[in-house]
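In what follows, a structure is listed as structure tokens, so that the remarks can point back to it.
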Amino acid sequence: MVYDHVVLTEEEKELFRILLETKEYFGLSTTLRAAGGWVRDKLIGRNSDDVDIALDDMLGKDFAEKVNEYLALKGEEVHSVGVIQTNPEQSKHLETARVRVRGTWIDLVNLRSEAYAENSRIPTMAFGTPAQDAYRRDLTINSMFYNINENCIEDLTEKGMEDLRAGVIRTPLPPLETFLDDPLRVLRAVRFSARFQFELDPTLVEAASGDEVRVALRDKVSKERVGTEIDAMLKSQDPVEAMRHLLRMRIFNVAFPVPKDSNLPEGQPYGPVCVAVMRGVEAILKELPTDYFTPEERRMCLLAGLLLPLRTVQVKAKKKLIPISSHIVREELKMRTKDAELVVALHNAAAEFATLAGELQMLRSGDSNGDAAGSAVPPSPGETGKGGYPAHLCVLTGGLVKQLKENWRLALPLAAAMDIPCVGSLCQERCALVANASDKESGLGEEETLRRRALCLELEGMVEGMGLARAWEMKWLLDGKTVMTELGMKGGPKLGQIMDAQTRWQFQHPDATADDCRKWLTAFAADQQ
């Protein structure tokens, strides 16, 4: 539902009252307008703490200082004014002031009208009218004002309310002009489309797909700003559709670039495969209980799923090869280092869990040979751990859970998605197939999704059945000093080997006591003689 007026909360009424009193106290002629996303959200019945105030005749910093002066005269708490400077080279054209008023952070900026110097695409800022400012904004749904002085909505493009009701993402000016003003607006259009599940205007898509916009997005917009928009897409209502939009606009490779010095052949398409696998992972997530993952965990799972087909691609960084997924997350999207590390860890764990799933299937069919591949000191053939699971599976599982800690469940949908046909191939033929095939042909049909969901839950049940759901919290039953005392030995490499063996034994026997461990240690030491 879209309202035709704004209903203020008590906090908003108090905030706007202070701003108006400041204006009156200093005899200012300023008209105060709440702008952009706050107005949009209020009109669709959502509260917003993203309060932007547009000023028609003074800079944001100057008015913010007046607000602080007024509050100080009343004996109220004041906070320093922060200023975000202009950066035209990065399409940041307006100085923005930030100040906290009665517990609410507000951004203050002047209305703008830009003229361009001769032979330059960098605008010169000048105070503008409300209409000029509205038309220079990114989208019509973000171009409306709430006039605080008059307590009314101002839809000066005459399209904002209409597009909000119709569910359309459109630019106030011709889209090419809007995007070249700030190329990041292409990603913002996609993000809002995914957030509200609105349709993108066809002329917007056409303009965004051109070489001029793509080059401008690559060269003029900082990686941090791109990463912020991608992150918001991953948290949106429809992250897969957002990635599809990037493909259609031919800007997926701008947001997720693979450097030329990687081991992926230059020109090799990868976007369609990445999006297809992400779609498969999202389908699994939708079949799981709604509280299975937190929003942040879901974001990480989708990001890892998107990059899963690239898990074997590497790029040289500081004279060593690193996974391309780590490079993209950390260097291209400028996300947190721990996000990059987690994506790589999830990719590795997904492959391991997929192997464990295969072994479980063989166990059910009676074909397992009981090998303990991957275990430095393999358990005896036929030995079992808690729940009757083969000991070597307990050891491998415990190692995976210990490495991922509380994030181990995130690897399960990825492991279940490892059998999507396009996960293992980035060839041009496969990308073409994915782009044109039906869900069933791509291995993304409902039947396959339900099977993968079942596999995901089966793997979770295996980990819990082994008693290893919190394996990272497991401490040695016998510490190094105790082991040396028990065996009458000194420290060194041999002690390290014994402690590693104890860890593997505890993965097989998570409910064991220290006395149980002493018996094992005695037997283990005798076997090593």
Side-chain angles (χ1 to χ4, degrees), residues 341-342 345-346 348-360 362-364 368-412 415 456-529:
E341 293 171 346
L342 181 54
L346 289 174
N348 294 335
E352 295 284 353
F353 272 119
T355 299
L356 290 175
E359 291 216 32
L360 281 177
M362 287 191 294
L363 281 172
R364 286 196 300 269
S368 178
N369 58 17
D371 289 343
S375 176
V377 183
S380 303
E383 188 176 350
T384 61
K386 184 175 180 178
Y389 290 96
H392 73 283
L393 293 188
C394 296
V395 171
L396 292 174
T397 301
L400 290 173
V401 175
K402 184 176 181 179
Q403 178 193 18
L404 288 173
K405 298 181 180 177
E406 64 272 9
N407 295 309
W408 65 268
R409 284 183 175 84
L410 297 181
L412 304 186
C456 181
L457 295 177
E458 182 179 16
L459 286 169
E460 180 187 36
M462 177 194 74
V463 175
E464 292 177 343
M466 291 175 174
L468 298 174
R470 303 192 69 81
W472 69 93
E473 296 178 343
M474 191 177 290
K475 300 184 183 302
W476 284 316
L477 293 171
L478 304 177
D479 60 22
K481 185 176 181 180
T482 302
V483 169
M484 288 189 290
T485 300
E486 292 284 335
L487 298 181
M489 63 177 289
K490 295 181 179 180
K494 187 174 181 180
L495 176 62
Q497 294 172 4
I498 293 173
M499 300 308 289
D500 287 344
Q502 180 184 180
T503 297
R504 292 189 291 273
W505 181 82
Q506 286 188 220
F507 286 156
Q508 299 165 54
H509 307 90
D511 300 327
T513 64
D515 287 341
D516 296 330
C517 193
R518 283 189 175 87
K519 294 175 184 177
W520 164 81
L521 180 62
T522 300
F524 178 82
D527 289 343
Q528 302 300 304
Q529 298 296 325

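- Remark: of the listed residues Val395, Thr384, Leu468, Val395 is the sole one forming a side chain to side chain contact (heavy atoms under 4.5 Å, CB included) with Gln508.
- Here Glu464 pairs with Arg409 under the salt bridge (charged side-chain N to carboxylate O under 4.0 Å, His left out) rule; sequence neighbours left out.
- Of all heavy-atom pairs spanning Ala471 and Gly398, the tightest one is CB-O, 4.0 Å.
- Contacts of Lys402 classified as salt bridge (charged side-chain N to carboxylate O under 4.0 Å, His left out), with partners at least two apart in sequence or in another chain: none.
- Shown here for Cys394 and Gly385, the closest heavy-atom pair between the two residues is SG-CA, 3.9 Å.
- For the pair Leu400 and Leu356, the minimum side-chain heavy-atom distance is below 4.5 Å.
- In this structure, CG on Leu410 lies 6.5 Å from CG on Leu342, to the nearest 0.5 angstrom.
- Contacts of Trp505 classified as side-chain hydrogen bond (donor to acceptor under 3.5 Å, both in side chains), with partners at least two apart in sequence or in another chain: His509.
- When all heavy atoms of Phe353 and Ala415 are compared, the pair lying nearest together is CB-CB, 3.6 Å.
- Under the rule for a side-chain hydrogen bond (donor to acceptor under 3.5 Å, both in side chains), the partners of Thr503 that lie at least two apart in sequence or sit in another chain are Trp476.
- A heavy-atom distance below 4.5 Å is not found between the side chains of Arg470 and Trp408.
- To the nearest 0.5 angstrom, Met462 atom CE is 3.5 Å from Thr397 atom OG1.
- Taking CD of Gln497 as the reference point, atom CZ of Phe524 lies at 8.0 Å (rounded to 0.5 Å).
- With sequence neighbours excluded, no residue forms a salt bridge (charged side-chain N to carboxylate O under 4.0 Å, His left out) with Glu406.
- When side chains are defined from C-beta on, Trp472 does not count as touching Leu404, because their heavy atoms never get closer than 4.5 Å.
- Residues Met474 and Phe507 share a closest heavy-atom pair of SD-CD2, 4.0 Å.
- For the residue pair Gly467 and Pro510, the shortest heavy atom distance occurs at O-CB, 3.7 Å.
- In this structure, CG in Leu495 is found 9.5 Å from CG in Asp500, a value given to the nearest 0.5 Å.
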Going by atom type alone, with no hydrogens or angles, which donor-acceptor pairs under 3.5 Å involve a side-chain atom of residues 477-493 and a protein atom two or more places apart or on another chain?
unit_1: Asp479; atom_1: OD1; unit_2: Lys481; atom_2: N; d: 3.3
unit_1: Asp479; atom_1: OD1; unit_2: Thr482; atom_2: N; d: 2.8
unit_1: Asp479; atom_1: OD1; unit_2: Thr482; atom_2: OG1; d: 2.7
unit_1: Thr485; atom_1: OG1; unit_2: Lys481; atom_2: O; d: 3.0
unit_1: Glu486; atom_1: OE2; unit_2: Arg518; atom_2: NE; d: 2.9

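- Side-chain atoms of Asp516 come within 3.5 Å of backbone N or O of Thr513 as a donor-acceptor pair.
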